[in-house]
Peer 1: 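Here it is, the structure, as structure tokens.
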Amino acid sequence: MLMKINDYYELAKNTLSEKRYIHSKNVASAAVRLAKKYGADPTKAEVAGILHDITKEYNLENQLQIIRSGGIILDDICKNSPQLLHAITGMVYCRDELGIADADILNAVRYHTTARANMSLLEKILFIADFISDERDYPDVDIMRAESEKSLEDGMLYGLGFVIPDLVHRKRAVHPDALAAFNELIFSLT
Ligand SMILES: [Fe+2]
Ligand SMILES: [Fe+2]
């Protein structure tokens with residue numbers, strides 16, 4: 001089943017709370033803007049943006065059901081970090097329920113929370129767009145926005161440099177994919 005972009009907005013509107021729908025719309029807009037600026041496909045960026053949190057409000061049981069039906073084997077960190085599951089189940093939902101076959105869109109959704117090493121342009125764009133969407137108002141969001149205008153790598157580095165210590169302070173596990181993304185960025189500086 002292939003849908004038009006407007007159908008994805010409609011789906012997100014009907015699936016998500018108003019707050020998260022607004023967030024998803026804003027992420028889609030930010031992703032389109034970044035795609036145009038950095039030479040990625042704006043349509044793919046918009047699809048990934050509007051759908052990236054599509055399963056975030058599903059309960060744990062539903063998330064695990066999607067994981068099973070999607071044939072996903074969870075690693076130990078994901079097993080113990082429910083907040084990471086929606087990126088995986090979002091990918092499975094896009095692939096299996098919506099029939100989205102584009103690997104880049106699917107990977108962008110899949111890695112929008114942890115990031116990973118060797119990210120594509122689109123993957124970086126969605127990761128960053130999720131941080132800088134219009135409604136975001138955490139301290140330093142302006143710095144994150146400015147870094148993202150310098151380059152995607154600067155944006156990624158700032159985003160991961162915020163998220164990893166934040167997890168440490170809250171005594172939460174850090175997914176190895178996040179560390180791999182961070183280390184790769186650090187090595188690229190030298
Ligand atoms: Fe998310
Ligand atoms: Fe999000």
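Counting convention: from 1, in listed order, for ligands and their atoms alike. In this chain, numbering begins with 1 at the start of the sequence shown.
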Peer 1: Return yes when at least one N/O/S atom of H52 is nearer than 2.8 Å to the Fe ion (ligand 1), and no when none is.
Peer 2: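 Here the distance criterion (N, O or S atom, under 2.8 Å) is not met by H52, so no.
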Peer 1: Scan H52, M119, K44 and name whichever one has a side chain to side chain contact (heavy atoms under 4.5 Å, CB included) with L126.
Peer 2: H52
Peer 1: Indicate if the distance from the Fe ion (ligand 2) to the nearest N, O or S atom of H112 falls below 2.8 Å.
Peer 2: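 Short answer: no, not a single N, O or S atom is under the cut-off.
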Peer 1: Can you confirm whether the side chains of T15 and E57 place a donor and an acceptor under 3.5 Å from each other?
Peer 2: no
Peer 1: Report yes or no: does R145 contribute a side-chain atom to a donor-acceptor pair with the main-chain N or O of S133 at less than 3.5 Å?
Peer 2: yes
Peer 1: Under 6.0 Å between ring centres, would you say that holds for F162 and Y158?
Peer 2: no
Peer 1: Which atom name does D53 have for its N/O/S atom nearest to the Fe ion (ligand 1)?
Peer 2: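 Looking at D53, the N, O or S atom with the least distance to the Fe ion (ligand 1) is OD1.
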Peer 1: If you round to 10 degrees, what value do you get for the angle at the Fe ion (ligand 2) between H23 atom NE2 and D130 atom OD1?
Peer 2: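 That angle works out to 80° after rounding to 10°.
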